[in-house]
Amino acid sequence: MRKPGDLITKDPTADEPVGFDWSGWLTDLGMGNIIVTSTWTIAGPDAVLTSHDPTIITGAVKTQVYLAAGTPGKRYEVTNRILTNSAPPVTDERSFKVLVQNR
């Protein structure tokens, strides 16, 4: 699980899961809050870094997506936007950076 603002290094041939643990933040909203939707976006210098298989995991308090490919030497920002089941629903997002380089 990543923390907001993290910089991770990813090999261009790797296809690996990354995600966020939202459990502490959800608890701060109140008991029983869970994630009902999770979307991922990638911003960067090109469209070579891709994502697939987004999921909400571990009791609907963690999110995950797989990152594949990427251009060596390029940096991307990956953002996860979630919506909760609270009343009213709360939307929030977290981002981290990915540097693609051969390992």
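Just so you know, these numbers use all the heavy atoms, side chains as well, and skip hydrogens, waters and symmetry mates.
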### Query
Can you tell me how far the CD1 atom of I57 sits from the CG atom of D21, to the nearest 0.5 Å?
8.5 Å
### Task
Kindly give the heavy-atom pair with the smallest separation between G70 and P12, and that separation in Å.
O-CB, 3.5 Å
### Message
Strictly distance-based, threshold 3.5 Å: is any side-chain N or O of Y76 a donor or acceptor partner for the main-chain N or O of T50?
### Response
no
### Query
Got a second to check how far T55's OG1 is from Q64's CD, nearest 0.5 Å?
4.5 Å
### Query
Would you say the side chains of D92 and W22 form a donor-acceptor pair under 3.5 Å?
no
### Query
Can you tell me if K10 uses its side chain to pair, donor with acceptor, with the backbone of D15 under 3.5 Å?
no
### Query
Rounded to the nearest 0.5 Å, what separation is found between the CG atom of D11 and the CD atom of Q101?
9.0 Å
### Task
Check whether any side-chain heavy atom of L7 lies under 4.5 Å from a side-chain heavy atom of K97, and answer yes or no.
yes
### Query
With under 30° as parallel and over 60° as perpendicular, where do the rings of Y66 and H52 fit, or are they tilted in between?
parallel
### Query
Can you tell me if S86 uses its side chain to pair, donor with acceptor, with the backbone of N33 under 3.5 Å?
no
### Message
Does any part of the side chain of F20, heavy atoms only, come nearer than 4.5 Å to the side chain of I35, both counted from C-beta?
### Response
no
### Query
Between T41, D6, V98, which is the residue that forms a side-chain contact (heavy atoms from CB on, under 4.5 Å) with V78?
V98
### Query
Does a side-chain heavy-atom distance below 4.5 Å link V65 with N80?
no
